[in-house]
Asks: 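Can you keep this structure in mind? I'll have questions shortly.
Just so it is clear: chains get the letters A, B, ... in the order the sequence lines come, proteins before strands, and each one is counted from 1. Values below: every heavy atom of this structure, side chains too, minus hydrogens, waters and symmetry copies.
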Amino acid sequence: MLVADVSATEARKDYEYPPENLPCLLLSVGYHGEKNCAYVRLYDPESRKLYWWYDNTDHHPYCLSDLSIDDLKKNSKLMSHSGLLGFEEVEKYDLLHDRKVRMTKILGKNPLAIGGRSGSIRELLPNAWEAKIQYHNCYIYDKKIIPGMFWMVKGGRLEKAPLDVGDIKELLQVFKGESEEFLEVLMEFLPSFIAPVPDIKRVAIDIEVFSELDRIPDPESAENEIICAAIVSNDGESRVLILKRPELSKGEIPSGFTDKFRVEFFDKEVDLIKTLFEVVDCYPIVLTFNGDNFDLKYLYHRALKLGFPKDEIPIILGKDAAYLRYGVHVDLYKFFHNKSIQVYAFSNKYKEETLDAIAKALIDIGKVSLETEISELPLLVLAAYCWQDAYITLELTRFDDNLVLKLIVLLMRISRLSMEDVTRQGVSSWIKNLFYYEHRLRNYLIPRPEDIASMKNVSDTKAITKDKKFKGAKVVKPKPGVHFNVVVLDFASLYPSIIKEYNLSYETVRCPHPECKVNVVPETSHWICTKRRGMSSLLIGFLRDIRVKWFKPKSKDKGLNDELRRWYSVVERALKVIINASYGVFGAEHFPFYCLPVAESTAAIGRHTIEATIRKAQELSMEILYGDTDSVFIKNPQEKKISELIEWSQKALNVDLDVDKVYRYVAFSERKKNYLGVFKDGSVDIKGLTGRKRNSPQFIQKAFLQMVSVLSRVNSEQDFNEAKEEIERIARTCYVKIQRREFTLEDFAFRVQLTKPIKSYVKTTPQHVKAARQLLELGKEIKPGDIISFVKVKGKEGVRPIELARKEEIDTEKYKEYLRTTFEQVLDALGLDFDKIVGLTRLESWI
DNA sequence: GCGGACTGCTTACCT
DNA sequence: ACAGGTAAGCAGTCCGCG
């Protein structure tokens with residue numbers, strides 16, 4: 001095992017040892033450098049205290065070799081390695097070759113002896129397996145620890161706390177046809193989905209640093225004073241620490257903030273920091289927003305600079321993260337930045353990963369808006385600003401009955417990762433860790449990526465898009481026009497169910513058995529094993545089934561009480577996050593189980609499934625309007641035929657087809673992934689339309705929404721005539737207002753994200769980069785992730801950041817064109833012509 | 001030397 | 001550090017044009 005981040009998890013202090021037989025939530029596992037052993041952080045929900053337990057089972061870091069002990073003893077470099085502890089012969093099962101293997105476990109005196117520095121043991125071996133696993137994770141696997149679950153110390157040893165899973169007759173009934181293996185996995189996971197998540201004691205902190213010229217202070221050099229710090233906890237603390245700066249007025253606490261927090265003034269920055277450290281050093285969880293890269297990093301370096309001895313700084317800096325010596329630091333920026341969380345857990349509700357945008361979208365509270373520089377604010381105004389940030393940060397974990405906290409803990413249980421890791425790593429790491437754990441549990445050898453590659457680095461299909469590795473999903477051309485009464489059917493978790501039903505896994509696709517070669521995936525040369533159940537087929541299949549067949553229906557079951565339903569829905573969402581990524585990871589090179597044939601086969605079977613379903617629907621004389629990957633849109637179908645199709649797909653294709661939604665009507669242009677649907681209740685579904693893209697100018701979005709609101713009131717074909725006139729009016733008005741420049745500069749702004757450092761745009765210079773370069777010249781800092789607001793102007797450069805723009809230079813023609821494309825996406829469907837609409841205007845305006 | 005046709009780059013979206 | 005498919009706008013290049 002490698003412990004690249006050894007310093008990160010190294011603890012310097014002894015903390016209280018847990019009492020015997022006290023069930024505690026296991027928050028994290030780490031490696032203690034001084035004691036040279038694994039440790040565990042345990043949280044007791046009753047006393048709200050954190051305990052530390054240190055490994056006393058004589059567990060050591062190791063890696064595996066395919067050489068015998070005798071052969072290894074001939075390796076003089078290895079034998080003279082000062083970190084070598086010893087050898088142990090073990091038997092493992094090699095799934096790739098479907099056979100037992102004898103291997104030697106090489107034990108090291110500490111994690112770094114195995115790997116992580118030059119000359120480590122793993123580098124002295126011709127071949128090493130399981131040598132790149134971080135030690136604290138290795139410990140989790142070997143001790144069968146499930147982080148986020150209840151554990152206790154019994155007779156000095158760490159043990160699973162007993163948990164009553166209750167009556168599971170109904171559950172077992174649902175899964176009665178499943179294999180023995182499946183049921184074993186079910187019983188292994190079930191406690192994770194049942195054990196409650198306590199309201200863990202936690203504190204959110206935020207600091208403000210003096211800065212000139214709206215520059216973000218550099219946390220490495222930490223040159224400026226920390227002028228304010230806020231502390232907001234879920235156990236009653238609400239404080240703001242303020243550095244006295246006589247040159248500034250105190251001001252007054254802004255209305256709305258009185259009594260929200262206690263103010264403490266400090267003469268010296270050192271004392272302010274000390275006070276903050278005392279708080280940080282006694283909470284089981286400390287929350288920040290961007291604390292890894294700013295707050296905690298700044299605090300650490302600033303404290304050093306001010307002469308704090310290292311052991312009085314409760315922060316431990318890792319490569320890309322800041323850890324705490326006592327509790328767990330959760331950086332919510334990292335968590336919400338995670339694409340899977342954003343898309344699947346929060347259905348894209350927030351589109352920018354700033355504290356302000358996330359909080360506004362999820363809890364309808366924003367940051368305090370400022371007109372002055374932070375450093376010039378009256379002290380009590382600064383206090384309110386700072387407090388609000390900490391308050392929002394805490395609230396982000398509290399809203400909806402601790403939804404985010406519960407999600408985090410459930411994801412810990414599923415991925416078997418510590419809280420620090422699960423909140424910082426992406427979904428591929430979660431799946432990787434789960435797979436490693438499950439391999440170890442079954443004594444399977446964890447394959448090296450090159451072992452998989454050497455056997456399965458083939459692909460048979462050609463992607464439609466350049467630079468893609470294989471062919472993906474099928475998208476059916478839409479039938480343009482307005483269609484009433486449209487039923488959308490979709491396959492429930494199509495790819496995961498394919499992975500399950502077709503036994504797809506890295507070891508089962510192109511397996512070593514000659515007799516399986518007849519079991520071929522359509523459109524490919526890949527065959528699938530008929531002798532063994534694949535690991536990913538089993539695990540992903542289980543997670544998919546338990547979500548679709550149990551937690552999803554339960555989360556909607558009106559017979560259950562609110563609290564229980566809410567719990568089922570959190571579990572369902574946590575599962576969704578993992579399941580939705582489960583196919584993609586096999587096509588991602590950096591995933592350690594990367595296996596193109598798995599991803600390619602999944603997509604191929606997916607195409608086969610939707611194509612067969614469409615053919616069948618047409619046989620049943622149903623009219624297919626559109627389809628994308630796993631969905632089919634059917635025009636005005638007979639109910640009977642719908643059920644017939646659903647039954648057929650179950651029987652013939654082994655997939656669950658369900659009615660997903662029913663539209664009063666849908667408007668399609670000729671564009672794929674681009675439509676507007678109105679539900680029976682008048683709510684609207686907008687997919688892919690420019691008017692809804694976050695980079696479109698505000699005034700375009702507003703005009704577009706006006707049009708949508710008109711369309712949402714259309715009930716029948718007759719209503720359209722009236723609606724069309726209203727829409728024409730909206731388009732025309734907007735067109736004229738562009739011409740007359742009757743919008744604000746902000747309204748005219750395109751807001752485009754810079755996805756990489758500005759220097760890396762070498763092939764072309766897109767408009768937002770041009771605008772960003774103009775800002776750069778002004779001395780503004782620009783970094784990846786920033787959203788650049790610019791307007792299109794007449795002249796050579798064509799763009800101007802709004803900070804520099806004047807309304808007169810706006811290129812109205814460009815905006816008219818943009819308005820046209822935005823409206824055309826819908827007008828096309830309605831049979832209207834944009835030019836005619838605005839052309840009329842010109843005539844009229846001349847008359 | 002200019003403009004239209006084309007390709008490629010980039011972003012934002014859908015499933 | 002999950003995948004591929006699609007739309008759109010613009011940057012840059014090629015080619016023809018007496």
Asks: Please say whether the positively charged group of A/Lys792, taken as NZ for Lys or CZ for Arg, lies over the ring of A/Phe750, i.e. under 6.0 angstrom from the six-membered ring centre and within 45 degrees of the axis.
Replies: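 Judged by the rule, A/Lys792 and A/Phe750 form a cation-pi pair.
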Asks: Mind checking whether A/Phe346 and A/Ile341 have side chains closer than 4.5 Å, heavy atoms only?
Replies: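 Yes; the side chains approach each other to less than 4.5 Å.
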Asks: Could you tell me the separation between the CD1 atom of A/Ile579 and the C1' atom of C/dA3, rounded to a whole number of Å?
Replies: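 Interatomic distance, CD1 of A/Ile579 to C1' of C/dA3: 16 Å.
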Asks: Rounded to whole angstroms, how far apart are CD1 on A/Ile341 and P on C/dC2?
Replies: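 My rounded result for the distance is 12 Å.
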Asks: Return the nearest nucleotide to the side chain of A/Gln767; candidates are C/dG4, C/dC10, C/dT6.
Replies: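 Nearest nucleotide to the side chain: C/dC10.
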Asks: Can you confirm if the aromatic rings of A/Phe586 and A/Tyr594 lie within a centre distance of less than 6.0 Å?
Replies: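 Between A/Tyr594 and A/Phe586, the centre distance exceeds or equals 6.0 Å.
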Asks: Please give, in whole Å, the distance from C/dC2 P to A/Lys468 NZ?
Replies: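 About 13 Å, once rounded to whole Å.
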Asks: What contact category does A/Ser582 fall into here, base, sugar-phosphate, or nothing, at under 4.0 angstrom with non-hydrogen atoms?
Replies: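 Contact class for A/Ser582: none.
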Asks: Measure from NZ on A/Lys334 to C1' on C/dA1 and round the result to the nearest Å.
Replies: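 After rounding, the gap between these two atoms is 13 Å.
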Asks: Rounded to whole angstroms, how far apart are CD on A/Glu813 and P on C/dC10?
Replies: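 Result: 13 Å.
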Asks: Please tell me which of the listed nucleotides, C/dC2, C/dA7, C/dT6, lies nearest to the side chain of A/Ile464?
Replies: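 Output: C/dT6.
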Asks: Using heavy atoms and a sub-4.0 Å distance, could you list which residues of residues 422-435 of chain A are near DNA chain B? By number, please.
Replies: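 Going residue by residue through residues 422-435 of chain A, none turns out to have a heavy atom under 4.0 Å of DNA chain B.
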Asks: Quick one: label A/Tyr495 by what it contacts on the DNA or RNA (base, sugar-phosphate, nothing), any heavy atom closer than 4.0 Å.
Replies: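 Here A/Tyr495 touches no strand at all.
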Asks: Measuring from the side chain of A/Ala588 (C-beta onward, heavy atoms only), which nucleotide among C/dG9, C/dC2, C/dG5 has the closest atom?
Replies: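 The answer is C/dC2, which lies nearest to the side chain.
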Asks: Report yes or no: do A/His329 and A/Arg424 form a side-chain donor-acceptor pair below 3.5 Å?
Replies: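 Yes, a side-chain donor-acceptor pair sits under 3.5 Å.
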Asks: On the six-membered ring of A/Phe790, is A/Arg773 placed so that its NZ or CZ lies under 6.0 angstrom from the centre and within 45° of the ring axis?
Replies: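 Verdict for A/Phe790: no cation-pi partner in A/Arg773.
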Asks: Measure the distance from CZ on A/Phe470 to P on C/dG5 and round it to the nearest whole Å.
Replies: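 Distance, rounded to whole Å: 8 Å.
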Asks: Indicate, with a heavy-atom threshold strictly under 4.0 Å, whether A/Lys469 touches base, sugar-phosphate, or nothing.
Replies: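 Since only primed, P, OP1 and OP2 atoms lie under 4.0 Å of A/Lys469, the category is sugar-phosphate.
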Asks: Identify whether any heavy atom of A/Gly584 sits under 4.0 Å from a base atom; if not, whether one sits that close to sugar-phosphate; answer base, sugar-phosphate or nothing.
Replies: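 The answer is base, as A/Gly584 lies within the cut-off (heavy atoms under 4.0 Å) of a base atom.
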Asks: Answer yes or no: is there an ion pair linking A/Glu670 with A/Lys477, defined by an N-O contact shorter than 4.0 Å?
Replies: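 So A/Glu670 does not pair with A/Lys477 through a salt bridge.
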Asks: Given atom CD of A/Gln825 and atom C1' of C/dA7, what is their separation to the nearest angstrom?
Replies: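 Answer to the nearest Å: 8 Å.
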Asks: Just wondering, more than 12 heavy atoms not from A/Arg820 lying within 6.0 Å of its CZ?
Replies: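 For A/Arg820, atom CZ is crowded (more than 12 foreign heavy atoms under 6.0 Å).
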Asks: Within the 4.0 Å heavy-atom criterion, would you say A/Lys462 contacts the bases, only the backbone, or no part of the nucleic acid?
Replies: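 Touches nothing.
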Asks: When all nucleic acid strands are considered with a 4.0 Å heavy-atom cut-off, which category describes A/Lys339: base, sugar-phosphate, or nothing?
Replies: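 The answer is nothing, as A/Lys339 stays clear of every strand by at least 4.0 Å.
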Asks: Would A/Lys756 and A/Tyr761 count as a cation-pi pair here, with the cationic atom under 6.0 angstrom from the ring centre and within 45° of the axis?
Replies: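 Positive - A/Lys756 is close enough to the ring of A/Tyr761 and near enough to its axis.
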Asks: A/Leu494 has an atom CG; how far is it from atom P of C/dG5, in whole Å?
Replies: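 So the CG-P distance, A/Leu494 to C/dG5, works out to 15 Å.
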Asks: Indicate, with a heavy-atom threshold strictly under 4.0 Å, whether A/Thr465 touches base, sugar-phosphate, or nothing.
Replies: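 Here A/Thr465 touches the bases of the nucleic acid.
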Asks: Take nucleotides 8-15 of chain B nucleotide by nucleotide from the 5' end and write B, S or -, depending on whether a protein heavy atom sits under 4.0 Å from the base, only from the sugar-phosphate, or from neither.
Replies: -SSSBSBS
Asks: Going by distance alone, is a donor N or O of one side chain under 3.5 Å from an acceptor N or O of the other, for A/Lys661 and A/Tyr663?
Replies: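 On atom types as modelled, these side chains qualify, holding a pair under 3.5 Å.
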Asks: How would you label the contact of A/Glu817 with the nucleic acid (heavy atoms, under 4.0 Å): base, sugar-phosphate, or nothing?
Replies: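 Counting heavy atoms under 4.0 Å across all strands, no contact is made by A/Glu817.
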Asks: Would you kindly check if the NZ (Lys) or CZ (Arg) of A/Lys456 is within the cone defined by 45 degrees around the ring axis of A/Tyr506 and under 6.0 Å from the six-membered ring centre?
Replies: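 No - A/Lys456 does not lie over the ring of A/Tyr506 by the 6.0 Å and 45° rule.
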